Amino acid sequence: EICSMLAAQHSNILSSCNMGQFTMRPSFHCCLGSATPIRRPFAAGKSASRQPPRVFVGVAGRSGIVRPHSSRCRHVQAQAASAMAASASKEKVSGQKGTSTAAGGAKAGAKGKGKGTAKKVVKPKQELPWQPSLPVVTIGKPGGWTGDLLVLLAPDDEFEANADGVMECKIAVQPPLSDIFSEFCQDQGFTGSLGETASARVGGNSACRYVALVGLGPGVKAKAVAEWGTSPFQVAGVSVAQVAKQLGAKTVRVALPVPKGVDLEAAAAGMVARGVLTGCDTAKRFKCEEAKQESKEKAKQSSLETVEILCGPVDQDEATAAVTRAAAYAIGTGVARYLVETPANICTPQYLAETAGRIRDLAPERFSLTVHDRPAVEKMGMGLYLGVAAASEEGNDLRFIHLVYKPEGEVKKKVGLVGKGVTFDSGGYNMKVGPGSMIEMMKFDMGGAGAVLGAARSIAELQPAGVEVHFIIAATENMVDAKGMRPGDILTGMGGITVEINNTDAEGRLTLADALWYAQENAGVDAVIDIATLTGAIITALGNDISGHFTPSAAMAERVKTAAANVGEKTWRMPLEMDYAASLTSDIADLRNSAGGAAGSVTAALFLEKFVQTESVEWAHIDIAGTAWDSSGVGATGYGSALLTEWCVLQGQEEAAAPESPDAPISPKALQKQTGTQSSESQDGPASAEALEGQNDAQPPERPDAP
């Protein structure tokens, strides 16, 4: 509309560029008045017939073009908007009533305001990949092969220092590889430590262009499932991807060793594949083509297309199945990473709903989707969730997402995955301010939702038997507005429990509380895990490499521990210390949403427990505030996606059993009949870190997680 008005009022622009159209950079703004055309020079080597000149119109002022997003620019934009509104067409769209879009509708209607009509707002569609494009990994067979890079994984017991202190390679290979490996030891000091790499160009008529060694660390620890943390084979796989990226290799063959005294497992091939697939992805989606080209020259992007894994004496069919599973886990982790790294102006609640719709479309015979908008959420009585979403603008309004996977055949267990989906957390009126608040990083406060949708993507590939999975996300922003939630407000949750708001930055648990209740009452799950970037206190307690999980059930704790170990994601069971519950007592409501003070991650978990009927439903809460993002340069990690996927797969392999609750927690319905009950908590989000004092002094009955 702006362009057409400029064309009518400033025909000299069209004549000056001798063309019948003109375009604008999305980041620049037009205004009525003296618009100044700016010619962009042709790119080198491109003819005028292929790329016509483009005219960019900036905001004109008395001193020239005003910079976009400046205060002067906003003032001029406001004037332009007024002029345009007066002369533009009267096209309007009717306000839509709020509805729930079932079975494939990720398009929930927006609520119309008042009795009139709302003007249509058209946003530019972001053409971004929603999942990574990964290379093909297969199990190879010994024999003739030609490609770019040959990699041998080598444990450190294949290398030792001679009498002169020079490292020597004991790997039994024929020349010229034996000579190259010796040079790696002598010239590059290669020792076989975990993740260490050395590579060289191979001349002559060799079948490959490059050869490389990647260290596996101690051979006795070279197992597919590590005793604690990431498998050494997965770490080595990441190093393989990095070497391939540095060398620009497209085709790679990886040979697995047979460590002394250790039986090589078929699962090791899967772990190598998973490491390669997660290691080759780079966060370049938001760079323009020129910047991408420049980054390719400075640090090569992965061009990996195919990877073959040679795994010696193991069963080839088992190895192939392991690689197939690894690819499913890797694509889920990639989806989680993409979502968490996406900025909040793109990754809105609606964007999360659309991602759920894309996953549903991959296997529509197994998945169904319901997306509830605001009127539907109001009808269900989710007052805690609505309180957080009260300050959201219409374009970024809440979306309650319920994606369901139903397996073929018998359903042994119905489970739920609930993810915190706060797409941006300003803190509300208790705003995140000052050094260390990390408000600029609060796009990743939907890390739990990313993990849940990543798990859904993996489940779409694996389609495990015996388990029905409900993926539930109460997506919203936490913003500041006159109609927003205020400190001192009292909100009523879906189950009738009232909560006094004493900190608007403790918002994540409010959305989770209503979502957990929905999972039990509406979805009817037998077991549920909620996962969230909930508290800074968990970072104080466990750092950035380990998540904390909370559950009153020893059996549930063991299942979470097993799932985490199988996929190499570190988690530690934390205590649900009932003595801290009194800190959540409110004088005027059933609970208050923030305990304040120490042990913030514990009191947050205690708050959530009040909304779970633990006498009939198994429940665990996983706090990933420290593990969802790696500030060392990696960025979004995708943590939790693989853990949740593995937990779901294992659930389908066992019979449903009634949970035990050794601490006999009070049910939400009983809590409604009394005031001042147990529970405790801390502010939501990594920005509000609190010292987790005294947690190590109060342990649960057993500590099964010691590595």
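Quick caveat: nothing in here was measured; it's all calculated off a predicted structure. Excluded from the calculations below are hydrogen atoms, water molecules and symmetry mates; all remaining heavy atoms, backbone and side chain alike, are included.
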Using a strict 4.0 Å threshold on nitrogen-to-oxygen distance, state whether Arg374 and Asp397 make a salt bridge.
yes
What pair of heavy atoms forms the shortest contact from Gly450 to Ala336, and how long is it?
O-CB, 3.3 Å
Salt bridge or not for Asp445 and Lys420, using N-O below 4.0 Å?
yes
How long is the straight-line distance from CG of Asn430 back to CG of Asp505, given to the nearest 0.5 Å?
6.5 Å
If you measure only the distance, is there a donor-acceptor pair under 3.5 Å linking the side chains of Tyr639 and Ser547?
yes
Measure from the side-chain N and O atoms of Glu646 to the backbone N and O of Val567, and report whether any donor-acceptor pair falls under 3.5 Å.
no
Is a donor on one side and an acceptor on the other found under 3.5 Å between the side chain of Lys443 and the backbone of Glu341?
yes
After noting the C-alpha distance and the side-chain angles of Ile624 and Ile622, does the key distance pass the side chain to side chain contact (heavy atoms under 4.5 Å, CB included) rule?
CA-CA 6 Å; Ile624 61 170; Ile622 304 178; 3.8 Å; yes
Heavy atoms of Ala456 and Leu403 approach each other most closely as CB-CD2, 3.8 Å
Any idea which heavy atoms bring Ala599 and Tyr580 closest together, and the distance?
CB-CE1, 3.5 Å
Spatial distance of atom CZ (Phe424) from atom SG (Cys347) [nearest 0.5 Å]:
12.5 Å
Examine distances only and state if a side-chain atom of Tyr385 and a backbone atom of Ala475 form a donor-acceptor pair shorter than 3.5 Å.
yes
With heavy-atom distances below 4.5 Å as the criterion, would you say the side chains of Ile501 and Arg592 are in contact?
no
Would the Trp517 and Phe611 ring centres measure less than 6.0 Å apart?
no
Output, in order, the C-alpha distance, side-chain angles, deciding distance and verdict of side chain to side chain contact (heavy atoms under 4.5 Å, CB included) for Glu500 and Asp489.
CA-CA 6 Å; Glu500 178 188 3; Asp489 286 355; over 6 Å; no
Examine distances only and state if a side-chain atom of Thr498 and a backbone atom of Thr492 form a donor-acceptor pair shorter than 3.5 Å.
no
Donor-acceptor contact below 3.5 Å, side chain Asn544 vs main chain Thr627:
no
From CD1 (Ile529) to NE2 (His549), nearest 0.5 Å:
9.0 Å
Stepwise salt bridge (Lys or Arg N to Asp or Glu O under 4.0 Å) test for Asp373 and Arg399:
CA-CA 5 Å; Asp373 65 357; Arg399 291 290 183 268; 5.8 Å; no
Going by the rule ring-ring contact (aromatic ring centres under 6.0 Å, His included), which residues pair with Trp647 if we only count those two or more places apart in sequence or in a different chain?
none
Rounded to the nearest 0.5 Å, what's the gap from CE on Met479 to CD on Glu477? Could you check?
5.0 Å
Would you check if Val418 and Ile531 make a side-chain contact, meaning some heavy-atom pair closer than 4.5 Å?
no
For the residue pair Ala515 and Ile472, what are the closest heavy atoms and their distance?
CB-CG2, 4.1 Å
Test log, rule side chain to side chain contact (heavy atoms under 4.5 Å, CB included), inputs Val528 and Val617
CA-CA 7 Å; Val528 62; Val617 176; 4.0 Å; yes
Could you state the interatomic distance from CG (Asp545) to CD1 (Ile539), rounded to the nearest 0.5 Å?
11.5 Å
Decide yes or no on side chain to side chain contact (heavy atoms under 4.5 Å, CB included) for Asp425 and Glu507, but give the supporting numbers first.
CA-CA 9 Å; Asp425 181 17; Glu507 88 296 333; 3.3 Å; yes
Sub-4.5 Å side-chain heavy-atom contact between Leu339 and Thr355
yes
Hey, does Asp481 have a side-chain heavy atom less than 4.5 Å from the side chain of Lys483?
yes
Polar contact flag, side-chain donor to acceptor under 3.5 angstrom, Asp623-Thr535
yes
Which atom pair, heavy atoms only, marks the closest approach of Pro349 to Thr423?
CD-OG1, 3.7 Å
Between Ala356 and Ile401, the two heavy atoms sitting closest are CB-CG2, 3.8 Å
Could you tell me which residues satisfy ring-ring contact (aromatic ring centres under 6.0 Å, His included) with His402, sequence neighbours excluded, listed by chain and number?
His470, Tyr518
Sequence neighbours excluded, the answer for side chain to side chain contact (heavy atoms under 4.5 Å, CB included) partners of Asp579 is Glu577
Heavy-atom side-chain contact between Leu534 and Leu608 under 4.5 Å
yes
Less than 4.5 Å apart, side chain to side chain, heavy atoms only: is that true for Phe400 and Val371?
no
Can a donor-acceptor pair be found between the side chains of Trp619 and Asp530 at a distance below 3.5 Å?
yes
Would you indicate whether the side-chain heavy atoms of Met442 and Lys432 approach each other to under 4.5 Å?
yes
Output yes when Arg559 and Glu618 qualify as a salt bridge under the 4.0 Å nitrogen-oxygen rule, no when they do not.
yes
Between Thr637 and Ala628, is there a donor-acceptor pair closer than 3.5 Å when you use the side chain of the first and the backbone of the second?
yes
Any donor-acceptor pair under 3.5 Å linking the side chain of Thr551 with the backbone of Met556?
no
Take a 6.0 Å sphere around CD of Glu440 and say whether it holds more than 12 heavy atoms from other residues, nucleotides or ligands.
yes
Between OG1 on residue Thr333 and OH on residue Tyr338, distance to nearest 0.5 Å:
12.5 Å
Distance-only, no hydrogens or angles: does the Asp526 side chain make a donor-acceptor pair with backbone N or O of Val415 under 3.5 Å?
no
Is a side-chain donor or acceptor of Asp590 paired with a backbone partner of Thr585 at a separation under 3.5 angstrom?
no
Do Phe550 and Ile538 have side chains that approach each other closer than 4.5 Å (heavy atoms only, starting at C-beta)?
yes
Under the 3.5 angstrom rule, does the side chain of Gln520 hit a backbone N or O of Gln613 as a donor-acceptor pair?
yes
